[in-house]
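Report on the following structure.
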Amino acid sequence: MNIEHSLSQEIQQAFQSIFEVTIELPSLQATNKEFEGDYTLVVFPFTKTLRQKPEDIASKLGEYLAENSPQIASFNVVKGFLNLVLKENTWKKALEYIQQQPSYGNAPAKNQKVMVEFSSPNTNKPLHLGHLRNNFLGDSISRILEANGYEVIKANLINDRGIHICKSMVAYEREGNGESPQSSGIKGDHLVGKYYVEFDKALRQETKVLHEAIFRSVEQPDTPYKVAFPEAAQKKIDAILAKIKTQKDSKKISELEGDLKQIVQNQTFLMREAKDLLQKWEAGETETYALWQKMNGWVYEGFEETYQKIGISFDKVYHESETYLLGKDIIQDGLEKDVFYQEEDGSVWIDLTANKLDKKLLLRSDGTSVYMTQDLGTADLKYKDFQIDKSVYVVGNEQDYHFNVLFKILEKLDRPYSKGLYHLSYGMVDLPTGKMKSREGTVVDADDLVNQMLEIAKQKTDELGKADDFEPEALQKLYHQIAIGALKYYLLKVDPQKRMMFNPEESVDFEGDAGPFIQYNFARISSLLRKAESLGIKKDGFDGYSDLKPSEIALIQIIYNLPKKIEEAAQNYSPSIVAQYAYEVAKTYSKFYNDCPVLVAEGEAAKSFRLMLSAQTAQVLEKTMNLLGIEMPEKM
RNA sequence: GCAUCUGUAGCUCAACUGGAUAGAGCACCAGACUUCGGAUCUGGGGGUUAGGGGUUCGAAUCCCUUCAGGUGCACCA
């Protein structure tokens with residue numbers, strides 16, 4: 001049953017009969033609230049071919065349809081808009097149809113596999129607010145794709161190696177004194193993060209000292225450098241110093257000073273130590289490897305706890321330590337296919353200037369690989385592992401360019417999966433105070449945030465006193481459902497690609513356009529259903545019910561849209577469509593609930609009808625919220 | 001500088017991908033319940049859709065341009 005589709009067909013037929021023209025299946029829109037009608041056809045596009053006034057076309061169509069369509073009750077024409085009013089019976093049938101669908105809203109199986117890669121944390125510090133947006137988006141889009149008939153593989157590619165991890169390791173070696181999560185009582189990922197911060201602090205201190213030493217030597221040339229830089233670094237430093245001298249533009253000068261600082265930083269003892277450790281790791285040195293494993297193990301334990309708390313899980317976990325060497329065979333393949341080219345120094349590149357992109361390095365002159373090489377290799381690996389038809393990468397929009405290039409290369413290499421690649425790019429999460437900066441300690445920690453939300457959910461629930469009769473365990477579960485529900489809804493309701501504002505005060509607002517509001521409506525319906533059960537009121541047997549109220553029809557209409565919305569969300573890779581829809585449903589129900597008594601309605605048919613409508617609404621609410629990864633409490 | 005994304009009510013966000021008088025929530029003001037859960041419902045004020053041009057029956061949406069902001073432009077990851 002598809003009301004819209006059959007209406008479109010009838011309109012198509014009408015054009016044939018009245019005007020003797022064949023048109024494409026016309027698309028309809030929902031009629032605006034201010035006009036009478038359910039669906040609207042815009043007739044402006046047809047004026048050209050028919051050479052008639054829009055009003056005339058609309059009227060003729062309307063008259064024809066009112067006479068010949070079994071579902072249309074009446075029509076009205078406003079300018080070039082033909083508003084169609086459906087028969088009440090159509091909506092009653094729609095409700096019956098919804099009720100009969102075993103998994104209403106889901107699309108049939110597509111027999112296609114899609115991998116969604118998300119989360120992908122670094123193992124040098126705990127998760128923060130930005131990761132939460134990523135995790136929620138990835139989890140939700142996985143569920144949405146699944147509802148659309150795909151077989152989904154949720155993948156996490158953990159960045160467990162590299163210089164940043166070595167930094168934590170250096171700091172731990174220097175001042176760790178054998179501290180562990182057990183001995184300190186600090187969650188593993190936070191403990192490792194603590195050492196990362198300490199490294200950074202010490203590094204900045206050392207950099208500052210070195211940096212100042214250089215400038216002292218410039219102002220007082222007779223004062224020798226306190227430190228001896230390697231020749232190459234010294235050359236760069238001198239070059240920049242010379243540029244600074246002749247530069248007048250203060251902006252350029254500060255840029256140059258930034259460059260200088262970077263070079264100096266790389267010459268610090270600490271940085272050299274970290275790089276040294278990285279080399280040892282790559283060489284597989286036993287001691288380094290053991291420390292790396294130990295610290296990463298702590299981080300995994302910490303992550304696992306957080307993932308569990310926020311309800312995130314994966315089907316496949318990749319580790320960069322196992323994939324970072326991949327991709328070299330692809331370089332050879334690309335060279336043979338003439339997609340890549342080699343410079344005289346042996347480095348390998350791809351020229352994408354014809355595609356409005358740049359030239360991109362794929363292999364260093366010393367034969368070692370870069371980030372892109374690794375990503376190429378991992379893409380192949382994913383395909384080899386699962387024969388996926390589609391591959392979604394949930395990664396922040398600062399990597400838009402990288403993925404443009406990556407996908408373009410895979411396309412040129414003619415990979416079988418290249419047409420199914422999608423970068424689900426999302427914007428940063430800002431705070432009212434501005435950007436999150438780890439330097440300035442303005443990063444919102446994921447665990448802290450979750451705990452805060454839990455505390456507020458508890459406060460609010462206890463204050464209202466509606467869950468006073470709960471067992472302690474059930475109560476904890478409820479706090480959790482509300483807290484996580486509020487947080488997920490808040491982060492998912494915004495269009496992914498837009499950067500968004502995280503206002504802590506607003507996020508804990510449980511009224512209006514918020515997760516708990518939607519949960520509340522579900523709980524209200526659950527309460528109705530429980531009562532109906534005990535009163536012996538049945539949901540079916542509403543055949544005789546007629547004269548539907550506007551808020552009843554509005555509710556049927558909106559829950560009837562579920563399949564369309566789920567499809568739209570998948571096509572746009574946008575959980576926000578589902579979130580907004582869930583809110584609309586809840587709001588529409590709330591109005592219905594206010595307008596129409598259910599259990600105390602006049603007449604058994606009315607009771608049954610409204611109860612059925614409520615039950616179906618509850619299912620739609622639960623379904624949509626589950627697509628966002630949000631659980632629904634039956635009491636709250 | 002080049003590339004790219006964004007700019008909508010005081011604030012946070014929508015607008016079915018070009019359709020009617022641009023809508024919600026928060027905040028503010030005023031109302032509703034001798035009925036099933038008030039984490040509710042109704043009403044009100046609040047807009048030159050950053051500015052300017054263009055395309056057409058019709059533009060927040062498409063094109064050009066200016067302005068403002070974000071991000072990216074390493075033989076880093």
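The figures here come from the full heavy-atom set of this structure, side chains too, leaving out hydrogens, waters and symmetry mates. Naming convention: chains lettered A, B, ... in sequence-line order (proteins, then strands); numbering from 1 in each chain.
Atoms NZ (K498(A)) and C1' (U61(B)) sit 11 Å apart, rounded to a whole Å. Put simply, CD on E320(A) is 10 Å from P on A77(B), counting in whole angstrom units.
By the 4.5 Å heavy-atom criterion applied to side chains, L613(A) and V598(A) are not counted as neighbours.
Base contact: T461(A) has a heavy atom under 4.0 Å from a base atom. Across all strands shown, L357(A) has no heavy atoms under 4.0 Å from either base or sugar-phosphate atoms. Among the atoms of the strands shown, none is found under 4.0 Å from any heavy atom of R610(A). Using a 4.0 Å heavy-atom criterion, one finds that N404(A) contacts no nucleic acid atom at all.
With P as the reference atom, U21(B) and A30(B) are 33 Å apart, rounded to whole Å. Comparing the same atom, C1', in U66(B) and in C26(B) gives a spacing of 34 Å after rounding to whole Å. The P atoms of C2(B) and C64(B) are separated by 15 Å, rounded to the nearest whole Å. Comparing G10(B) with G47(B), their P atoms are spaced 7 Å from each other, to the whole Å. With both ends at atom C1', the span from A50(B) to U6(B) equals 12 Å, rounded to whole Å. Separating the C1' atom of A68(B) from that of G52(B) is a span of 15 Å, rounded to the nearest Å. Comparing the P positions of C13(B) and U17(B) gives a spacing of 24 Å, expressed to the nearest Å.
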F510(A) vs F517(A), ring pair (Phe, Tyr, Trp, His ring centres under 6.0 Å): CA-CA, chis, key distance, verdict: CA-CA 6 Å; F510(A) 289 174; F517(A) 170 79; over 10 Å; no
Pair Y490(A)-F502(A), ring pair (Phe, Tyr, Trp, His ring centres under 6.0 Å): steps then yes or no: CA-CA 9 Å; Y490(A) 188 87; F502(A) 182 84; 5.4 Å; yes
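Across U40(B), C75(B), U4(B), the shortest atom-to-atom separation from the side chain of D400(A) is found for U4(B). Nearest nucleotide to the side chain of H164(A), out of G37(B), A20(B), A77(B): A77(B). Closest to the N32(A) side chain, of the nucleotides G37(B), U6(B), C16(B), is C16(B). Among the nucleotides G19(B), U12(B), C41(B), the one closest to the side chain of V42(A) is G19(B).
Checking the phosphate oxygens (OP1, OP2) of G37(B), a side-chain nitrogen or oxygen of S527(A) falls inside 4.0 Å. Between K591(A) and the phosphate of U40(B), there is no side-chain N or O to OP1/OP2 separation shorter than 4.0 Å. OP1 or OP2 of C76(B) lies within a sub-4.0 Å distance of a side-chain N or O belonging to R364(A). Contact check, Q29(A) against G19(B): no side-chain N or O comes under 4.0 Å of OP1 or OP2. Taking only side-chain nitrogens and oxygens, R524(A) comes nearer than 4.0 Å to OP1 or OP2 of G38(B).
A donor-acceptor contact closer than 3.5 angstrom links the side chains of N83(A) and T40(A). Side-chain N/O atoms of H402(A) and D375(A) include a donor and acceptor closer than 3.5 Å. A side-chain donor-acceptor contact under 3.5 Å links Q374(A) and E320(A).
Judged by centroid separation below 5.5 Å and plane tilt below 30°, F81(A) stacks onto the base of A20(B). Stacking here means ring centres nearer than 5.5 Å and ring planes tilted less than 30 degrees, and by that measure Y520(A) does not stack onto G37(B). Residue side chain F35(A) meets the stacking definition with respect to A20(B): its ring centre sits within less than 5.5 angstrom of the base's six-membered ring centre, and the planes differ by less than 30 degrees.
Both distances falling under 3.5 Å, in either a Watson-Crick or a G-U wobble arrangement, place A3(B) opposite U71(B). Searching all strands for a Watson-Crick or G-U wobble partner of A30(B) with both distances below 3.5 Å returns U42(B). Pairing partner, G18(B): none, since no Watson-Crick or wobble contact has both distances short of 3.5 Å.
Each of S425(A), P575(A), S140(A) was checked for a side-chain contact (heavy atoms from CB on, under 4.5 Å) with P496(A), and the lone residue meeting it is P575(A). Shown are Y401(A), Y422(A), Y393(A); of these, the ring pair (Phe, Tyr, Trp, His ring centres under 6.0 Å) with F407(A) is made only by Y393(A).
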List every contact pair, protein side and nucleotides 71-73 of chain B side both N or O, where the distance is under 3.5 Å.
{"residue": "U71(B)", "atom": "OP1", "partner": "K435(A)", "partner atom": "NZ", "Å": "2.2"}

Could you go through nucleotides 23-26 of chain B and list every protein N or O atom that sits under 3.5 Å from one of its N or O atoms, giving the distance for each pair?
{"residue": "G25(B)", "atom": "O2'", "partner": "D513(A)", "partner atom": "N", "Å": "3.4"}

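A syn base is found at U17(B): its glycosidic angle is within 90° of 0.
Taking for each of S347(A) and V494(A) the nucleotide of RNA chain B with the nearest heavy atom, the 5'-most of the two is the partner of V494(A).
Cation-pi check for R133(A) over Y426(A) is not met; the charged atom does not lie both under 6.0 angstrom from the ring centroid and within 45 degrees of its normal.
Between Y583(A) and Y489(A), the distance separating the two ring centers is not shorter than 6.0 angstrom. Ring centroid separation for the pair Y589(A) and F592(A) comes in under the 6.0 Å cut-off.
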